[in-house]
Amino acid sequence: MCTGHRKMMTFREVQRRSKVKLGLGIMSCILLVLGALVVGGYFFLERLISEKYYFCHRSLGFVPMLAMCDGIADCRYGEDESHCVTNSTSNTTFPVRLVSDLLVLQVRTVESRWSYVCAENWRWHHTQSTCQQLGYTESPRSVWVPVHSLPPQLPMSFSGVQAQQAPHEAHVYAGVMPQESCSSGSVISLSCSDCGFALGEDRIVGGSDTFVEEWPWQASLQWRGQHRCGGSLISLRWVLTAAHCFTSRTKDVDHWRVVLGRTLMGSSGGLSVEQIIIHSSYKPTLNDYDIALMQLAKPVKTGDSVRPVCLPPYHLPLKTGEELVVTGWGLLKENGQLASVLQKATVPLIDSKVCTRPSSYSDSITPRMLCAGYIEGGVDSCQGDSGGPLVYLTSHWQLIGVVSSGVGCARSNYPGIYTNVSTVLEWIYTLIQNY
């Protein structure tokens, strides 16, 4: 075994080494702080620039943000006009529809009449193809409805599927023929998806906290990570919202994200958007045709917190005073703060004649609009709720309206104005089918 003497440091050496370590530690802290300042400054500068200028990634230049999506290519290769909000209209009558709260199927015949489809010879592939045409691919179902239970106010015209129609026939309306009556005594009713189901059955001004599981179609539409509008999931790839959400500053599709399945306001988990389409008849000065569709980059996965709402059928019997529900993260009061928790409020449907009294909206209410709320005020949607859902409960939750406009929030004589979804159904179905 070898032995030796451990070298002992003097007090002066210990002191010198401690100073060196202390100096290195201070230098490391300074470098970390400087690094953090540089990184923070970079992101601050990048955000400041990106809010005012668009970077042309192919030509390596900048153009003012206001020049984006204005119909003029300011980048050399036109990047500033390549992925913008578009306009679309529908000049054709969509050939199939669902009517009344029974969701009875009607088809447009060659004589341009709407007729019920008799249940005889109806098969599974007819249900599947018709629901797919209406934009739904999940859980298509059909049931027989007795003819005597059909709405008496609608014309009794019938068509029937031909027994020899091939299973691969693209659309059921192409294979139906007019007939006097139904030998089965029944017509077809369709339920095309698991829409309108929720785990629950009012801050929106005068509202109360709620959970997204009660309104799983509720979407937060976010521009550069900031909540701008609400929306409603109506199928696995489509969100319905308001056209006025997309101003000259927010027409670049790439900066929009759709957040679903959240009770608390947040920007994480946003879904990319493929395209945004507003109704070409939208008139900003009148808020007429205030409707838009957002197509998601990929289909969503449904669950307790994410599920589509049902589009309403034609001729849904809604009466003045019916209770409707509006949801969103809008301002808690006029000129106030956005809600951090999803809000809900129950508002009654108001007759259009009452809504257009001189003390309210005069002649500004068009057939594409609904009024809901209280003439005395107190409960209403507000800024930030725009584009969000106004729903009505039958056997499922139906999307009756889209939050559109109004004077202030919860003011007396100025109830909320909503886009009447039933008046733009053909536009919605046509776009979903075409894309």
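All figures in this text were calculated on a predicted structure; none of them were measured in a lab.
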So do [Y] and [X] actually touch side chain to side chain, heavy atoms under 4.5 Å?
X: Ser220; Y: Arg262; value: no
X: Leu324; Y: Thr346; value: no
X: Ile188; Y: Val104; value: no
X: Tyr392; Y: Leu318; value: yes
X: Tyr314; Y: Gln106; value: no

Kindly say whether the aromatic ring centers of [X] and [Y] come within a distance under 6.0 Å.
X: Trp122; Y: Trp144; value: no
X: Phe94; Y: Trp427; value: no
X: Tyr282; Y: Tyr289; value: no

Kindly compute the distance separating [atom1] ([X]) from [atom2] ([Y]), expressed to the nearest 0.5 Å.
X: Leu293; Y: Ile432; atom1: CG; atom2: CD1; result: 6.0 Å
X: His255; Y: Trp223; atom1: NE2; atom2: CH2; result: 5.5 Å
X: Leu399; Y: Ser232; atom1: CG; atom2: OG; result: 4.5 Å
X: Leu103; Y: Ser191; atom1: CG; atom2: OG; result: 7.0 Å

Please evaluate residues Arg224 and Asp254 with respect to the criterion salt bridge (charged side-chain N to carboxylate O under 4.0 Å, His left out), reporting the C-alpha separation (whole Å), side-chain torsions for both, the decisive distance (0.1 Å), and the verdict.
CA-CA 9 Å; Arg224 294 179 177 273; Asp254 291 332; over 6 Å; no
Distance alone, cut at 3.5 Å: any donor-acceptor contact between the side chains of [X] and [Y]?
X: Asp288; Y: Thr366; result: yes
X: Asp290; Y: Thr419; result: no
X: Gln133; Y: Gln128; result: no

Ion pair check, Asp351 and Lys319, cut-off under 4.0 Å:
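Not counted as a salt bridge, because no side-chain N and carboxylate O are separated by less than 4.0 Å.
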Identify the heavy atoms of Asn87 and Ile277 that sit nearest to each other, and give their distance.
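Heavy atoms only, the tightest pair is C-CG2, 4.3 Å.
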Could you give me the CA-CA distance, side-chain angles and deciding distance for Trp114 and Arg97, then say whether side-chain contact (heavy atoms from CB on, under 4.5 Å) is met?
CA-CA 9 Å; Trp114 287 108; Arg97 68 182 191 179; 3.5 Å; yes
Whether over 12 other heavy atoms sit under 6.0 Å from Glu180 CD
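Result for CD/Glu180: open.
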Would Arg307 pass as a cation-pi partner of Trp217, given that its NZ or CZ must be under 6.0 Å from the six-membered ring centre and within 45 degrees of the axis?
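So Arg307 doesn't make the cation-pi contact.
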Run the side-chain contact (heavy atoms from CB on, under 4.5 Å) check on Val391 and Val326 step by step: do they pass?
CA-CA 7 Å; Val391 294; Val326 59; over 6 Å; no
